[in-house]
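Being a predicted model, the structure only gives us computed values, none of them experimental. Chain letters run A, B, ... following the sequence lines, proteins first, then strands; residues in each count from 1.
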Number of protein chains: 2
Amino acid sequence: MEMKSVTRSLRILEAVAQHQPVTVGELTKIFGLPKSTVQRTLVSLAEAGWLRANRKDTTRWEIGARVLAVRPAALQGSSLFAAAREPMVRLRDAVNETIHLSVPDALQCMVVVDRVDCDHPVRTFHTIGDTSPLHATAVGRAVLAHLPRRDVEDLIAAGLERFSDTTPGEPDELRAELDRIRTDGYAVNRNQFRPGVCAVAAAVLDEDGTPLAAVAVSMPEARYDEERAPKWGRLVADTAAEISQRRLGA
Amino acid sequence: MEMKSVTRSLRILEAVAQHQPVTVGELTKIFGLPKSTVQRTLVSLAEAGWLRANRKDTTRWEIGARVLAVRPAALQGSSLFAAAREPMVRLRDAVNETIHLSVPDALQCMVVVDRVDCDHPVRTFHTIGDTSPLHATAVGRAVLAHLPRRDVEDLIAAGLERFSDTTPGEPDELRAELDRIRTDGYAVNRNQFRPGVCAVAAAVLDEDGTPLAAVAVSMPEARYDEERAPKWGRLVADTAAEISQRRLGA
DNA sequence: GCACAGCATTCCACATAGTGGCACGGCCTT
DNA sequence: AAGGCCGTGCCACTATGTGGAATGCTGTGC
């Protein structure tokens, strides 16, 4: 609505991140903006230290390291991040599947903030920064299950988009699943968001019980085993609990 | 020079990152800008998804998760990041000191991008995103030693700022030290940038020998042992080499 | 319980600050 | 040598952001 130049420059910054190293011309095609406008914006972003010219081809732009100093509140001081690292590696060693750490963003979506890979040739792939809806994934519901009822109802009121025929689209379906998560201590996702992707997740909690993040074991459907779910659920819940404790200790 | 609103909004974004969660009033004091200007900027940043209101106190602002999708070229696809993780943990286990991974930014400075902590009650402290000059630190010189002579001379021409009485302020002093690093395979820093902080570092190289990053063991001066330096130097160099190889394998 | 103080938020007339069409110049291809 | 392509610089126009002042909210102390 306002600050057109600001919102536009951030859009351009995001586009540079996706396509780096990228030229002015490529960006004008993406946005359909005049060359001079894009050029001026890039120079300004570079002046602020957020962008820089590529070393090998100086007409290409890429993201500068300044962005690393700007981290979401949940990762401030890296306490969550640092606390999560080693438990995640141990969990990966125990199950040999990809482990993700995700944080909720403004109760709108979950964002992947860290990942520990497994060595299967076939594995799920999420990049750091990827987002997913709260109601349709294991990490999302693991967090939802620990939020005040009000927030859950707000989310339901906003509408439960369906991504596959197993996505919980009905309010009661979701409420029942959240109850199950609270009693069992872990969340499960079978093809409910991305087809062929399954996961088992549990929430990392603040000292006052607020969910800060969720850890997930995620795997292709072919390796998902119904029998094994409770065992892995317990492993994930233990890992999440350990991260919560380590964080408080720091 | 240009795009005043853009550069200013990025400054404000950085200030929010430092002080989050922060109010409009606090920011106006920091920048000495009119309230309405700061307020409008915050709303615009929030509209773009980079900022959000704090959940508990909605008049306080904090960084949103959008920034995580924007990563420097060196970390693109997380290949460096993911490759470095486990060798760094093993190095920490071997020496029980804090391990840092840093990348050069535009040949102007080194930026800390990852960290594995040790369990000493007294330890060095650098946050992810912290920057340091190339010529005055172990990570910086480990990278410099693998750059083309031209780039090194440009840096020397720009002036070698001294931060303590041991900082290499003379061109020849620096050149000699870079030669030593190339023959020994590791760089050392004794109080040359931050007083009381010592480190041993080695560079992570690209397939064509370009330095991408540096790993460092860093410790308080009290625990730095001259005798042990060559042994730790070899450990760090091995770790760096392992990271280089893993990255190429991916 | 009222008045005040401190804060975030909204409004609006003004002029500055960003816009974008155009033209220049370098580089590679034909 | 000519042509096309792309990054960069220029400048008159006006849309856009500015910031002082008004509004509205919240909590505090008399």
Side-chain angles (χ1 to χ4, degrees), chain A residues 1-64 73 106-108 148 150 154, chain B residues 1-64 73 106-108 150:
Chain A
M1 214 87 298
E2 21 189 14
M3 298 274 110
K4 206 161 149 184
S5 61
V6 171
T7 52
R8 185 170 55 204
S9 66
L10 291 174
R11 286 276 154 61
I12 291 179
L13 186 66
E14 290 164 17
V16 172
Q18 274 175 38
H19 299 94
Q20 63 184 318
V22 70
T23 65
V24 175
E26 288 162 5
L27 289 168
T28 62
K29 274 167 206 155
I30 293 171
F31 290 100
L33 289 169
K35 272 188 299 184
S36 36
T37 302
V38 174
Q39 161 81 352
R40 210 168 342 100
T41 306
L42 290 173
V43 171
S44 300
L45 290 170
E47 263 174 17
W50 286 63
L51 236 53
R52 63 184 182 204
N54 183 282
R55 294 209 54 232
K56 288 161 189 170
D57 177 353
T58 56
T59 70
R60 291 188 169 268
W61 298 85
E62 55 191 27
I63 301 293
L107 298 195
Q108 302 235 319
R150 274 210 46 167
D154 286 353
Chain B
M1 211 92 294
E2 23 187 13
M3 298 273 109
K4 205 161 150 187
S5 61
V6 171
T7 52
R8 185 170 56 203
S9 66
L10 292 175
R11 302 291 278 304
I12 290 179
L13 186 66
E14 290 163 17
V16 172
Q18 273 175 40
H19 299 94
Q20 62 183 316
V22 70
T23 64
V24 174
E26 288 161 6
L27 289 168
T28 62
K29 273 168 206 153
I30 294 171
F31 290 100
L33 289 169
K35 271 188 300 183
S36 40
T37 302
V38 174
Q39 162 80 352
R40 208 164 348 96
T41 306
L42 290 174
V43 171
S44 299
L45 290 169
E47 264 174 18
W50 286 64
L51 235 55
R52 64 185 181 204
N54 183 282
R55 295 208 56 232
K56 287 161 191 172
D57 179 353
T58 56
T59 68
R60 291 188 170 268
W61 299 85
E62 56 192 26
I63 300 293
L107 298 195
Q108 303 235 319
R150 275 210 45 169

### Task
Check whether any side-chain nitrogen or oxygen of A:T37 sits under 4.0 Å from OP1 or OP2 of C:dG20, and answer yes or no.
yes
### Task
Measure from NZ on B:K29 to P on C:dG6 and round the result to the nearest Å.
10 Å
### Message
Please evaluate residues A:T41 and B:V6 with respect to the criterion side chain to side chain contact (heavy atoms under 4.5 Å, CB included), reporting the C-alpha separation (whole Å), side-chain torsions for both, the decisive distance (0.1 Å), and the verdict.
### Response
CA-CA 8 Å; A:T41 306; B:V6 171; 5.6 Å; no
### Other residues, nucleotides, ligands: >12 heavy atoms within 6.0 Å of B:R60 CZ
yes
### Message
Rounded to whole Å, please give me the gap between CD1 in B:I12 and P in D:dG17.
### Response
14 Å
### Message
Is the shortest side-chain heavy-atom distance between A:L10 and B:L10 below 4.5 Å?
### Response
yes
#### Entry: Nearest-angstrom distance from the residue atom CG of B:L27 to C1' of C:dT9
15 Å
### Message
Starting the side chain at C-beta, find the nucleotide from C:dG20, C:dA8, D:dT8 nearest to A:R40.
### Response
C:dG20
### Partner residues of A:Q39 under the side-chain hydrogen bond (donor to acceptor under 3.5 Å, both in side chains) criterion, sequence neighbours left out
none
### Message
By nearest atom, which of the nucleotides D:dG17, C:dG18, C:dA8 is closest to the B:K35 side chain?
### Response
C:dA8
### Task
Indicate whether OP1 or OP2 belonging to C:dA8 is found under 4.0 Å from a side-chain N or O atom of B:Q39.
no
### Query
B:N54 CG to C:dA8 P: how many Å, rounded?
14 Å
#### Entry: Options D:dT16, C:dG18, C:dA8, nucleotide nearest the side-chain atoms of B:M3
C:dG18
## Note on the structure
Taken to the nearest whole Å, NZ/A:K4 to C1'/D:dT14 is 12 Å
### Task
Could you check how far CZ of A:R60 sits from C1' of D:dT8, rounded to whole Å?
17 Å
#### Entry: Side-chain donor-acceptor pair present, A:E14, B:W50, cut-off under 3.5 Å
yes
### Nearest listed nucleotide, side chain of B:S36, among D:dG20, D:dG7, C:dG18
D:dG20
### Task
Nearest whole angstrom, please: distance from the C1' of D:dC6 to the CG of A:L42.
14 Å
### Message
Does C:dG18 have its OP1 or OP2 closer than 4.0 Å to a side-chain nitrogen or oxygen of B:S5?
### Response
yes
### Task
Let me know the distance between CG of B:L51 and P of C:dA8, rounded to the nearest Å.
14 Å
